[in-house]
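First up is the structure itself, then whatever we jot down about it.
Protein chains get the first letters and strands the later ones, always in sequence-line order, with residue 1 at the start of each. Treat the numbers as computed from the prediction; the structure is a model and nothing was measured.
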Protein chains: 2
Amino acid sequence: MCLAGYALVMAARDLQERIKRLIIDRRLASGAPLPTEPELMEHLGASRNSVREALKGLQAMGIVEIRHGFGTYVGTMSLAPMIEGLAFRTVAGHYRGEDTLLQLVQLREAVETGLVSRLAGRVPEGDLVELDALVDRMEEQAARGGDGIADTDRAFHATLYRGLDNALLGEVMEAFWDAFHRVHTDLGGVPQDPLVTCRQHREIVEAVRSGDAIRAEEAIREHFGNIRARVSTTGTQDPHRCHNERV
Amino acid sequence: MCLAGYALVMAARDLQERIKRLIIDRRLASGAPLPTEPELMEHLGASRNSVREALKGLQAMGIVEIRHGFGTYVGTMSLAPMIEGLAFRTVAGHYRGEDTLLQLVQLREAVETGLVSRLAGRVPEGDLVELDALVDRMEEQAARGGDGIADTDRAFHATLYRGLDNALLGEVMEAFWDAFHRVHTDLGGVPQDPLVTCRQHREIVEAVRSGDAIRAEEAIREHFGNIRARVSTTGTQDPHRCHNERV
DNA sequence: CTAGCTCAGTTGGTTAGAGCAGCTGACTCT
DNA sequence: AGAGTCAGCTGCTCTAACCAACTGAGCTAG
């Protein structure tokens, strides 16, 4: 076996590349089925094992999606793997005494302040209404017991940047939010006061609605100042306390 | 085998998590050696094959680094995998007729304009001198034949944002640059006029040096306007032309 | 004595074949 | 006609063997 003529040496590293090329060349869109493992074995001239290892790598990058007993498909290519990597990197660094969580917040702050100033006065009315509704909902959730606050928070930031009409940008924003949220909860961080968050979200909406770029930027900055303060009070805790879910 | 007591069912998905936890719990820093494959087999109660597939996934996320005949080590956790994923996603989308490359440029533009305004007047003199030198070097390279221009360009953007003293932020900036550059060259994009780039880089340095945030933002925007124009003229070419390197 | 080589032992890379597990669809029995 | 069953895909896991890259101890030649 493995007599593909030119690939007698080196295999795994290139297998991934060849599978990627296969996707490109065949113009396969997300969700399209990939050849089965036996087919890939023959097509690539490699053993089952090598093919599977290559697929595992591609799966980790979100390029491929594997469903047991069903088949292998072109992945959604979402930024989920990036979130995973970013979150792990942050957690690992945190336990080694680095201020990685703060850096992550600063990253979000830098990007969002940069975007919101361009957004001021250019958010469609529909989105503004939706943002209002999201703040309302968070106030309700705060009054009840706090369930679902995180989702509402996430939705707020996602909706805010929808007007940029750049899918990639929106996804990157969401990815950063997800990474931060996962790390913050895994590390048992101090939850924020929902009412403060609501007030700051409200101010962001008003600032954007008014079209005042400076005010909008200031609103975002204050919001993140609040988040930053919480992060700074998060001490290094014992890693075994973070067993709530994954790393 | 596989009689770890509780893990008779389900294996692979958790193997990665367990290896990650091992890194966290042992406070392993980048470059620290991981247990060898046989050791991991015993520790995790899984076969060599499963262990290797898990490691392949972690390697794809940059969490682990595997060196043939040497050992397995904690990875640098750089954003290289993100670049990989982003680049592939952009290329794949491009060939399916989507404007993914333009989106990528817009992403860079949005982030950099947001950052540069905060940077104005706060870049250390040493960095400014270095930036001047980088523009000088690019002018030389342009006069000679163009070799190494891309590296100088990359170094310019990297140096510019070094003053933010946030390693993560710098890496994200570089990652976006890398992804764009790889896609642009793979797609056989129109190379920019180096002299225009030099002039625009010069203007960015001067704007930042003067401390004028508005001017700095304008300079960045003009620079990216130039890049955007080039990208828009990049037609969809045949995928077989992009064999210069990887996908 | 040192420079260089060789060789055994380590580590990861690859292959092979067998059996397990999840899903689908057609076939059969009621 | 409907529900259960079974054969057939699919990917998942294990075992066992051998290949390839690297290290370091020991030997040999200069």
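Taking CG of B/L131 as the start and NE2 of B/H157 as the end, the distance is 10.5 Å to the nearest 0.5 Å. Rounded to the nearest 0.5 angstrom, B/T100 OG1 and B/E98 CD are separated by 6.5 Å. Here A/Q192 contributes atom CD and A/I149 contributes atom CD1; the two are 7.5 Å apart, rounded to the nearest 0.5 Å.
A/L55 has its CG atom 14 Å from the P atom of C/dT14, to the nearest Å. Following rounding to the nearest Å, B/I66 (CD1) and C/dG13 (C1') show an atom-to-atom distance of 10 Å. Residue A/R48 contributes atom CZ, which lies 7 Å from atom P of D/dG11 at whole-angstrom precision. Separating the CD atom of A/E53 from the P atom of D/dG11 is a distance of 16 Å, rounded to the nearest angstrom. Summarising the geometry, the separation between OH on A/Y73 and C1' on C/dC23 is reported as 10 Å, rounded to the nearest angstrom. Atom CG of B/L15 is separated from atom P of D/dC12 by 13 Å (rounded to the nearest Å). One atom, CD of A/E39, and another, C1' of D/dT10, lie 11 Å apart when rounded to the nearest Å. One atom, CD of A/E37, and another, C1' of C/dG19, lie 15 Å apart when rounded to the nearest Å.
Taking only distance into account, the side chain of B/R67 never meets the base of C/dG13 through a donor-acceptor pair shorter than 3.5 Å.
Side-chain nitrogen and oxygen atoms of B/T36 include none within less than 4.0 Å of the OP1 or OP2 phosphate oxygen of C/dT10.
Checking A/S50 against A/F70, the closest nucleotide of DNA chain C that is more toward the 5' end is the one next to A/S50. Place B/L34 and B/N49 on DNA chain C by their nearest nucleotides, and B/L34 ends up nearer the 5' end.
Across C/dT15, D/dG11, C/dG13, the shortest atom-to-atom separation from the side chain of A/H68 is found for D/dG11.
For B/R108 and B/F224, the positive end is not near the middle of the six-membered ring at less than 6.0 Å and at most 45° from its axis.
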